[in-house]
Amino acid sequence: MVAQAVALFPGGAQSKMNLRKSIGVLLQAGLQAAQDTGALPAFEVPADIPVEPGRHAAHGDYGSPVCLGLARVLHQAPIRIAQAVAEHVPAAPFVARVEAVAPGFVNFTLDPAWVAAQVPDILATGERWGSVSEGEGQRVQVEFVSANPTGPMTVHATRNAVIGDVLARVIEAAGYEVQREYYVNDAGSKVRHFGGSILSRYAQLFGADIPFPEQGYPGAYVTEMAQQAADAFGDRYLAMDQAEAVRELGRWGIDQILKGVEEDLALLGIRFDNWFSERSLYESGLFGEMMARLAAGGHIMQRDGATWFMHPDLDKDAVLVRSPQVIDNPEDRPTYLASDIPYLWNKLVVRGFDKAIYVWGADHHGDVPRVKAAAKAVGLDPERIVIILYQMVTLLRGGEEVRMSKSSGEFVTLRDLLAEVGPDPIRFMMLARTVDVTLEFDLDLAVEQSDRNPVFYVKYAHTRIAGVLRHAEEQGWDPESVGDAALLTHPSELDLIRKMLSLPEVITLASTNMAPHHLTSYATELASLFHVFYRDCRIVSNEPGEADLTRARLMLARTAKSVLARVLHLMGMTAPERM
RNA sequence: GCCCCUGUAGCUCAGUUGGAUAGAGCACUGGCCUCCGAAGCCAGUGGCCCGCGUUCAAGUCGCGGCAGGGGUACCA
């Protein structure tokens, strides 16, 4: 045993690493030490050591299969390697036992006294508990929602909003500097179609007949907007040139819609640092610069009077950038890709973000290779682009799917959901699945305030602790007193603390995998372990001789409450004192 | 046709990048409040779409099927 204490996990606010990684570092040291003493032949210590939480009590708290993989390189039985490593792992204050177990796992058991001693640190760290420094201050941008501003937020866009927002929160907790941006698609033909739709309805109010655009927006909200326009502006748009009226009403309409989107998102607890106009990419001349840059690189081709983008990575020979069907304004008919290229340049070069994260519905998956190819073509590293694709949402009501169709203008909006369900269940339900699966959103379940609804389980644990703390105060206990953590020795107490100690790992996992759904399962597990602790351990005891234990348990309860609040807030949910 | 996602318990889903005995909620059955919030806890029933392959080890990787959803460039 190498007599070298390793301060890998200082705990508290200074904690920059998670326990799993610390165990990995210990294993690396053990692998090296075993070679140095000749217990193992020389080989290169792997840079990345797999460590995972033990799934069964017999496996300890963490285990690593690294020696199973080394068996081939070293031409030795994995169990022999594991034994050699286990003997050479340096001592660390948080590890009580290191064992080699057949067929070749190295298992670690945390020291219970160390575990208990972390409680005051976690409590003192408060809402910063769980933060890690993976990001090392890198500046990243998360662009999300970015729904067309031609109609209210749909449930599909709501999933986007929740994923993007929670991702941003998690990435911040992982040590990145994050900007949240909404990309406003205010260029192109849809503004015209939208403006034309409003104008047509508007004209009807004055008894005039302006045909409804073929690709117009039929929803009832358009008619309501026309009424608002009539109230605010009178009939002035009938007097002016029709194309001009379409343009002005289109821009006015977009502003109205965006205001509504901003309000609805605020009710969900989501705000953006920046709203970025697509049109500005054309007005600033950046689009032209990018086209010139692409042309210089031989990536532009003219065909049928249109402009096409070419790149060897594409499965098609070329992708349309700009259409020949230009009328008066040449910027009116760009394609999606056209603005995406200058936008990307703006993010990564002009504004200098280290990474650009996009949250897209899976129906856009076909655009991924194009944007990556465009990045390469203008000389940007495609690794700096991270695109999260999430699958569709289906709504259930009364056990049946609610059919939605944007073309008919009939769809359930975020505003409907907020009125019917409220922000917390929306967020939890939208978050509880991986982005890769179609989300089934059960409206009846979401509104149901019962034990069938998982949303309330976590919040209930928080309020339950709040209730216990209130009770303690009524009994004369000082809720702020710091107890003696060494008295926390019950298995249910230690299980609860170990779960709290693993929050940094969850944040690392969710951030590196861009998988915010891990938070929901963590929150549920943490709540569950509190309930078990509550069942097994009387917190507030007036028995003589149990005053110190009560103080210690009150401290643990407050700590659990703090960590629960931290997780709820990472998910953008409230942590109520009563419910 | 081609591309992407999915297929795990009766239902809805996890499964920490290939590890040890595959987990949770709901539903169903039975138990637990004269003491801190029973929106809670405990116990029981029950599962990896099919085939081949890679590997010491496959729910996880590869190939081929089957099934469902999405996309397929002038709407973005």
Side-chain angles (χ1 to χ4, degrees), chain A residues 20 50-56 58-59 63-65 68-69 71-72 78 101-105 107 146-148 150 183 185 187-190 193 215 278 306 308 315-316 318-325 333-340 361-370 389-392 394 396 432-440 442 445 449-454 456-457 459-461 463-472 474-475 505-506 508-510 512-513 515 517-518 520-521 524-525 527-528 530-532 534-536 538-542 550 553-554 557 578-579:
Chain A
R20 252 175 106 175
V51 176
E52 46 186 58
R55 271 204 262 261
H56 304 280
H59 298 161
S64 174
L68 293 169
R72 171 158 308 175
V101 178
F105 290 94
N107 292 338
S146 303
N148 282 339
T150 52
Y183 182 50
N185 300 119
S189 52
K190 67 204 153 311
H193 299 319
Q215 296 180 63
E278 178 185 6
W308 300 73
D315 52 350
K316 304 277 171 81
V319 177
L320 185 70
V321 172
R322 203 200 268 180
S323 157
Q325 300 175 27
R333 274 207 176 255
T335 63
Y336 190 54
L337 181 66
S339 25
D340 247 327
D363 49 342
H364 289 226
H365 83 269
D367 295 319
V368 174
R370 292 172 205 160
L389 295 171
Y390 65 94
Q391 299 292 320
M392 309 285 112
T394 53
L396 289 185
R433 307 277 177 261
T434 66
V435 296
D436 289 328
V437 306
T438 304
L439 184 91
E440 200 167 85
D442 188 330
L445 180 59
Q449 304 222 353
S450 79
D451 57 356
R452 292 188 63 232
N453 189 335
F456 294 98
Y457 182 79
K459 294 174 73 172
Y460 174 69
T463 58
R464 195 182 202 188
I465 300 173
V468 172
L469 295 177
R470 279 193 299 271
H471 170 83
E474 285 160 15
Q475 298 286 309
E505 294 161 35
V506 175
T508 303
L509 179 69
T512 55
N513 290 2
H517 76 280
H518 288 294
T520 57
S521 35
T524 308
E525 290 158 13
S528 168
F530 173 77
H531 291 311
V532 172
Y534 178 88
R535 178 203 58 193
D536 291 343
R538 175 80 201 179
I539 299 171
V540 181
S541 167
N542 295 322
T550 292
R553 286 179 171 167
L554 279 172
R578 289 184 162 88
M579 54 187 263

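All figures in this text were calculated on a predicted structure; none of them were measured in a lab. To find a chain, count down the sequence lines: A is the first, B the second, and so on, and within it residues start at 1.
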All N/O pairs under 3.5 Å across the protein-nucleotides 1-3 of chain B interface:
{"unit_1": "C3(B)", "atom_1": "O2", "unit_2": "His365(A)", "atom_2": "NE2", "d": "3.2"}

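- Distance check on atom C1': A76(B) versus A58(B) gives 41 Å, rounded to whole Å.
- In this structure, Gly361(A) reaches neither bases nor backbone, as no heavy-atom distance under 4.0 Å exists between it and the strands shown.
- With rounding to whole Å, His56(A) atom NE2 is found 7 Å from A20(B) atom P.
- Checked by atom type and distance alone, the side chain of Ser339(A) never pairs as donor or acceptor with a backbone atom of Glu278(A) at under 3.5 Å.
- The backbone N or O of Leu439(A) sits nowhere less than 3.5 Å from a side-chain atom of Arg433(A) that would complete a donor-acceptor pair.
- Residues Gln391(A) and Asp436(A) have side chains that never bring a donor and an acceptor to within less than 3.5 angstrom of each other.
- With hydrogens and angles disregarded, a donor-acceptor distance shorter than 3.5 Å links the side chain of Ser521(A) to the backbone of His518(A).
- Among the heavy atoms of the strands lying under 4.0 Å from Tyr457(A) are primed sugar atoms or P, OP1, OP2 only; no base atom is included.
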Take nucleotides 6-16 of chain B nucleotide by nucleotide from the 5' end and write B, S or -, depending on whether a protein heavy atom sits under 4.0 Å from the base, only from the sugar-phosphate, or from neither.
S-----SSSSB
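- One N or O on the side chain of His365(A) and one on the backbone of Ala362(A) form a donor-acceptor pair closer than 3.5 Å.
- We find that the ring of Phe105(A) and the base of A20(B) stack, their centres lying under 5.5 angstrom apart and their planes tilted less than 30°.
- Between the C1' atom of G71(B) and the CG atom of Asp367(A) lies a distance of 9 Å, rounded to the nearest Å.
- Between His59(A) and His56(A), the ring-plane angle classifies as perpendicular under the 30° and 60° cut-offs.
- In this structure, OG1 on Thr550(A) lies 10.0 Å from CD on Gln475(A), to the nearest 0.5 angstrom.
- Taking the side chain of Leu320(A) as heavy atoms from C-beta on, and the options A73(B), C75(B), C74(B), the nearest nucleotide is C74(B).
- Distance His531(A) NE2 to C41(B) P: 5 Å, rounded to the nearest Å.
- Between the P atom of C36(B) and the OH atom of Tyr460(A) lies a distance of 11 Å, rounded to the nearest Å.
- Remark: ring of His59(A) overlaps the six-membered base ring of A20(B) in a stacked fashion, centroids less than 5.5 Å apart, planes less than 30° apart.
- Each of A39(B), C42(B), C5(B) was ranked by its minimum atom distance to the side chain of Gln391(A); first place goes to C5(B).
- Comparing Val532(A) and Ala58(A) by the nucleotide of RNA chain B that holds the closest heavy atom to each, the one mapping nearer the 5' end is Ala58(A).
- If you take OH of Tyr390(A) and C1' of C5(B), they are 14 Å apart, rounded to a whole angstrom.
- Nucleotide C5(B) holds its P atom 13 Å from the CE atom of Met392(A), rounded to whole Å.
- In this entry the distance linking CG of Asn107(A) with P of U21(B) reads 13 Å, nearest Å.
- Annotated as anti: U60(B), whose glycosidic dihedral deviates from 0 by more than 90°.
- When each of G40(B), C75(B), C36(B) is scored by its nearest atom to the side-chain atoms of His471(A), the top-ranked nucleotide is C36(B).
- Nearer to the 5' terminus of RNA chain B, by closest-nucleotide assignment, is the contact made by Leu389(A) (compared with the other of Leu389(A) and Tyr183(A)).
- Protein atom CD1 of Ile465(A) is 16 Å distant from nucleotide atom P of C36(B), rounded to whole Å.
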